[in-house]
Amino acid sequence: MPPPRTREGRNQRDHHQAPNEDEILERWDWNCPETRRLLEDAFFREEGCIRQGSEECQKFWTFFERLQRFQNLKTSRKEEKDPGHRKDSVPALADLPRTYDPRYRINLSVLGPDVRGSRGPGRGLPPERVSEFRRALLHYLDFGQKQAFGRLARLQRERAALPIAQYGTRILKTLKEHQVVVVAGDTGCGKSTQVPQYLLAAGFSHVACTQPRRIACISLAKRVGFESLSQYGSQVGYQIRFESTRSAATKIVFLTVGLLLRQIQREPSLPQYEVLIVDEVHERHLHNDFLLGVLRRLLPKRPDLKVILMSATINISLFSSYFGNAPVVQVPGRLFPITVVYQPHEAEPTASKSEKLDPRPFLRVLEAIDNKYPAEERGDLLVFLSGMAEIGAVLEAAQTYASHTQRWVVLPLHSALSVADQDKVFDVAPPGVRKCILSTNIAETSVTIDGIRFVVDSGKVKEMSYDPQAKLQRLQEFWISQASAEQRKGRAGRTGPGVCFRLYAESDYDAFAPYPVPEIRRVALDALVLQMKSMSVGDPRTFPFIEPPPAASLETAIFYLQDQGALDSSEALTPIGSLLAQLPVDVVIGKMLILGSMFNLEEPVLTIAAALSVQSPFIRSAQGSPECVAARRPLESDQGDPFTLFNVFNAWVQVKSERSRNSRKWCRRRGVEEHRLYEMANLRRQFKDLLADHGLLARAQAREAEDSHSRLQQRRERRTLFQLKRRHEEGGARRRKVLRLQEEQAGCSSDEDRAGPAPQGAADSVDIQDVKFKLRHNLEQLQAAASSAQDLTCDQLALLKLVLGRGLYPQLAVPDEFNSGRKDSDQIFHTRAKQGTVLHPTCVFASSPEVLHAREREARGREGSREDRDKMSSRHQLLAFVSLLETNKPYLVNCVRVPALQSLLLFSRSLDTSGDCSRLVADGWLELQLADAESAVRLLAAALRLRARWESALDRQLARQAGPRPQEEEEEALPLSPKEVAALSRDLLQFMASKVPYSLRRLTGLETQNLYVGPQTITAAPSLPGLFGSSPLSPHPTKGGYAVTDFLTYNCLTSDTDLYSDCLRTFWTCPHCDLHMPFTPLERIAHEHACPQAPQGGPPGSEDAAPEPLQKASALQRAYRCEHCQKDFLFTPTEVLRHRKQHV
Amino acid sequence: MVSEAEHRPLGMFECELCALTAPYSYVGQKPPNTQSVVLLEESYVMKDPFTSDKDRFLVLGSRCSLCSRLVCVGQECSLFYSKRFCLPCVQKNISAFPQEIRQDLEKRKAPSKRPSSQPSAQP
C-alpha cells in the first residue's frame, strides 16, 4: 500500500492531464473481471493465440495467478542478488543480453495492441500492466510449448522402449519379400500399436487392421492416432458396427473381423487395402478362422496384397504352415519373472454337498499374501474363476475377510456387470490396501488391469457349448488349456515380478490341452454357413478352414437353415436367406424383422428385434431390491419378455425426449443398465437401414423441420451437442479414482446405494452417452415410434405376437400339466428336445405364472363342476422363446405366450390328423384333442388357406426386394397391396381369436414311436377337395394317411377310437340346402363349405372360428371361366366349387 | 474449417542429438494461423498434435546458432537464450552464459537420474 499522502499529491498533480491513468494503476486489480475483460479484449482477439472466453482463457488466468504469486516471492529475493558478470570469450556469443532475464529464454514473442495509440482495444491501459500481462502470456505460451513437447518426447521414448521396436525394420523387410508374415509376440510387446505405425512410416496408406472386439478397435485407433501424432487428424480411424471415424484421408483403419468379412462380401478382391493386419489370430474366433480361409483363397488373386498375422506365441506353426510356411518374426514379450505356486485342493471336508464353490482355498491365498508381503509393498490380486456364481461365492467370503483385516478391496469383474462397476477395477486402492479382483476369463485377454502382482488361477473356465439337437446353449465348466494358464499367469508380471497361485496340481497342468478349443468346434454354425453361402465360397463342407469344424455341426447348420427357409433343398440361398445373411442377428430375429415389415409393424418389430439381440438390460442384483422391482412393474407386460423390453425401451425414449429428465437416473432407479438401451437404439437403427436397403421399408426421410426457425433451432442444438462431445473427448478418458475401503464392504448391491450424485464429479455432469445418442439418432423419430407404441391396438398387438411366434417357431415350450399346482418359482416347461426347463428369474411369467394357466381361468367360470382330467380349454398357451440356456438349470430366455392351437396350426412344419381331424399332432410331439370334430376341420381348413396366403404374400414381399432392378419386369408376382395385407391381417386375427375347447398334451416317448399307422394299402383318397384346397391327395409314404400339403398329413395317426371314423356316417340335414344324407364329419364340413345356399357369414354355430370365404384378392385365386354361364371369374378353388354347384 | 492440407507435413524433423523425429509442416518465424505470435528463431513447427485446435502449433526445434546442428527444443538437447544453442555448444562455452543458466544446467543434471515414477511412492 502506498502511503496515502503520496497518492493525494499525485492525484492533485495529475488531476487535469490524465486523471484516469494513474487512478487505474492505483486501483489496479488483476482479479477484477472488468480489468480482465479489457486485457482479453486487447490480446485475445479473433486471431489471438488464445480465444476470449475459451477454456484456454480460463487456464491462462489460473496460470497467471500462480505466476504472480511465484514472482512476488522471487522479486523480494532477486533485489538482493547481484547480477552475475560475464566475459564474452567467444565472439559469436558477444551479443547475448548483458543482464539475465527469464524472458530471454523464451523463443517467441507476442504482438500486442499498441497501448500508446489512441485507438485500438489497448487504449487507456497502463503500459506497465500491459507489459506485465504480456510477459505472463509469454511464459504461459512457453509453458504450453514445453508441456506439449515433453509429451511428444516421452511418447517417442516409450515407443522406442517397447520390445517390438527392435523388430520394426525386420518386419518391414520380411513383408517386402513375402506376401504373408506372422508376427508373434506376447502381451505387452507392443505389436498391436506399433506394427500399424511402422507400416505408416514406411509409406503404406491403405492399411486395415482387424480386431476380434469392437472395443479394441476404438481404443487402438485412439492410441495409434495419439502415438502417430494424428490424434486430431483422420489418418488413423476405426470402423465398427455403429460408428466410423473413417474418411478419405484415413490411412490405417481398425475394424472388426465381421465388418471386414462384410467388405469382402461386397468386394471380394478387397481392392481398398494394400496391407491387411489380422490381429489376435491365436484366439481362434469363428470369424477369424473363416477370414483366414477367405484370405488364403484371395492371396493368389491379389499378389500385391500383403497380410500380417499377429498372434501371441501360441501355436505359431499352425498359422505359418497354413499360409505356405510364411516367415515368422517372433518378438519377446515384456514380462517380469513370475513364481508359480501349485496349491491343489486337498481332499477337504466339504462343508456341504452343495454346488456352491468352496471359497476357502482362495481365502488362504489372501491370508498368505497378508502374512508374507508387507502392506507397504503394493501389488494387487487377480483371481480367475469360472463364472458369475463362483465369483459370487468367493466375493461373499472375501468381503467378510476384507472387512476383518481392512487390507483388501474386493471387486467382481464379469461381462454382466454394469459398465460403471466394470470400470471400478481400474481404480486405485488406498495405501496399505490391495485390490482383489474376482474375474472370469474376461481378464485373460480382453481387459488388462495394471498393477497386478498376484494371480490366483482356479484352472476352470465356463464356456458355451452348443447342442444343435436341442438348439440349446450350455454353459459348462471345463479345465482351461495350458495356453490359457500361461496367459493367466502372465497377468502377474506386467509391472514387476509376480506370483501365480495355481489351485491345481502340476500334474493337472500337464494334463491340460495345449490350446483352447477353437470356437468353430464348439458353437452353432448357422450364421457362419449363411454367411459362407452369401459370399459364395462354395460348399462349406469343402472349405479349406485352418482347422475344419466337426462335420456334424455343418450338417446341422445346413439342415437348420433349410428348415428355416433360408436355404432351399439344393442348399442354395433363398431370397429370405440372402436377406437374413445381411442381418447381423440370429436367424429367428431376422425372420421377425422381415415378417414384421410385411404387416406394417416395422416400428415395434425393430425395437423388439433389437431388444432381443442385446444382453438383458436388467441388472441382476437389482432383482433383490424391492424398490427396483416395484419401479419396473408398470413396464412389465404379461404378454412376455419381448413386450416388457419393448415397454422399457419406449419409456426410456420418452424420458430422453423430455429435456428436463435424466435418463441415467431413471434407469438406475429401475435397475436397468442404460448401456444396453443405447445398444438397442443403435441396433434398431442398423436394422432399419438394412430393411430400407432391401426395399422392405420406405427409406426414412430425414424430416426437415418445416420452418426456418425450427431448422435453425435444430442446427443450433446439434452444434451444441457436437461441442459437448468434443469437449468430453478432449477431457480425456475417465480418471482413476481411489477406491474407498468401506464402500465395498457394504455388499454387492452397490448400484442402488450409490444412486446419489453422479460419482464422477462435475466434469461428468454432461452425460456423454446421452450426447452421443442424440447426435446419432433422430430423437423425434424415435419418440414418435415410442409413443405410437402406446397406441398399438389390440389387433396390432396380436399381430405382433403372431409375427414373434412365427419368427421364433419352432422354439416352443409347453407348460407342464401340473404347473397350476406348483409354486411360482417351480413352474416347469418342456420343449421338444428338452424336458423340465424353467423360466429365467427375470421372466415376467416367473412372477405371474397364472396368466399361463389355462384351466384355472376356465374353472373359475364353472366352479364346482367336477372336471375330469381332460383339461378341455380354449385357452391353452405355449411359450415361444428366444433361446434356451443351460447353466445350473436349463432356462428359457425371453418368452412370449402364444395361443397353442392356433399357433401350431399356423406354424407347424408337420401336422398329422386323425380321420375326423379332431386329434392333431404337431411336429410329432404335441397332441391336440379337440372336443368337436366339426370345428377342428373348420379350423384346419382355415389354417391351410391362411398359410398359403401368408406364404405367397411373403414371397412377393421378398421378391420385391430381391429384384428391385427393372430387368425382371415379368412380374409374375404382383406387388403386395396394402389391401391384401389388411385382409390377411384381419383373417389371421380372426383365426387367432377363435375359441374352441381342446386339450393339449406332450406325447410320451412311447407314444411318439407308435404315432403313425404307416403305409396303407387303401388307394382311394377321400374326395374332399373343398376342404384342403386344390392340391391332390397322395398317400404318405411313411406315415400313412394322405399328404395334403408338405406339412399336413391327413388321417395318419394310429388310434383306438377312430379307426373306422371315416366310415362312420350319421344322417345329417344341411340347414341351408336341406340336403339330408349320411355324412362323416369330414364330408359334412366339406358340404358346408361348398353349400351354395350357405350365407356369406359362414356356417352358423361356428362363432368366429371359420374365416369368411375370401372375397378379396387372394393368393389362391385363379382365373376361372365357367362353361355354363360363360363368365370369367377370379376364384379360389373353393369358390370354383361353390360356383359349380350352382349349376348342378 | 481449416483443411488438412494446411498441415500436410513438409518433411521429417530429426534431432541430430537425440534422434527425436516428427513430421513438420512449417519452417520459419511466423507459424500459419497465428497472427499474434512471432518466433524469435527459424523454427521447425508442426501443428500441436495434442489439441484439436487447428491453430495451435508446436515448435520442434531449430538450428544451433553456433554449430548449426538441427536440434530439438528438449532440455537435454538445447536451450534458448536469445538464440538457440545446442547443449554441447553451451557446455563448450559455459562461461559465456549467465549464472542462472549455469545453475540451471547443474541442477538439471542431478535430479534427472532419479527414476521418474516409483510404484511404491504413491501418496
Subject >> Residue pair Q194(A), E227(A): steps toward the side chain to side chain donor-acceptor pair (under 3.5 Å) verdict >> reply: CA-CA 9 Å; Q194(A) 301 307 302; E227(A) 285 191 12; 2.7 Å; yes
Subject >> Mutual orientation of the aromatic rings belonging to Y140(A) and F63(A) [parallel < 30°, tilted 30-60°, perpendicular > 60°] >> reply: perpendicular
Original post:
How far apart are the C-alpha atoms of E41(B) and Q29(B), what are their side-chain angles, what is the distance that settles it, and do they pass the side chain to side chain donor-acceptor pair (under 3.5 Å) test?
Top reply: CA-CA 6 Å; E41(B) 55 179 339; Q29(B) 296 188 284; over 6 Å; no
Subject >> When L60(B), L79(B), V59(B), D48(B) are compared by non-hydrogen pairs under 4.5 Å with chain A, the top option >> reply: V59(B)
Original post:
Using non-hydrogen atoms only, which part of T21(B) is less than 4.5 Å away from chain A: side chain, backbone, both, or neither?
Top reply: both
Subject >> Under 4.5 Å from a heavy atom of chain B, the part of L152(A) involved >> reply: both
**OP:** Measure Q156(A) against the heavy atoms of chain B and call it side chain, backbone, both or neither at under 4.5 Å.
**Re:** side chain
Original post:
Is it true that the side chains of S65(B) and R84(B) contain a donor and an acceptor less than 3.5 Å apart?
Top reply: no
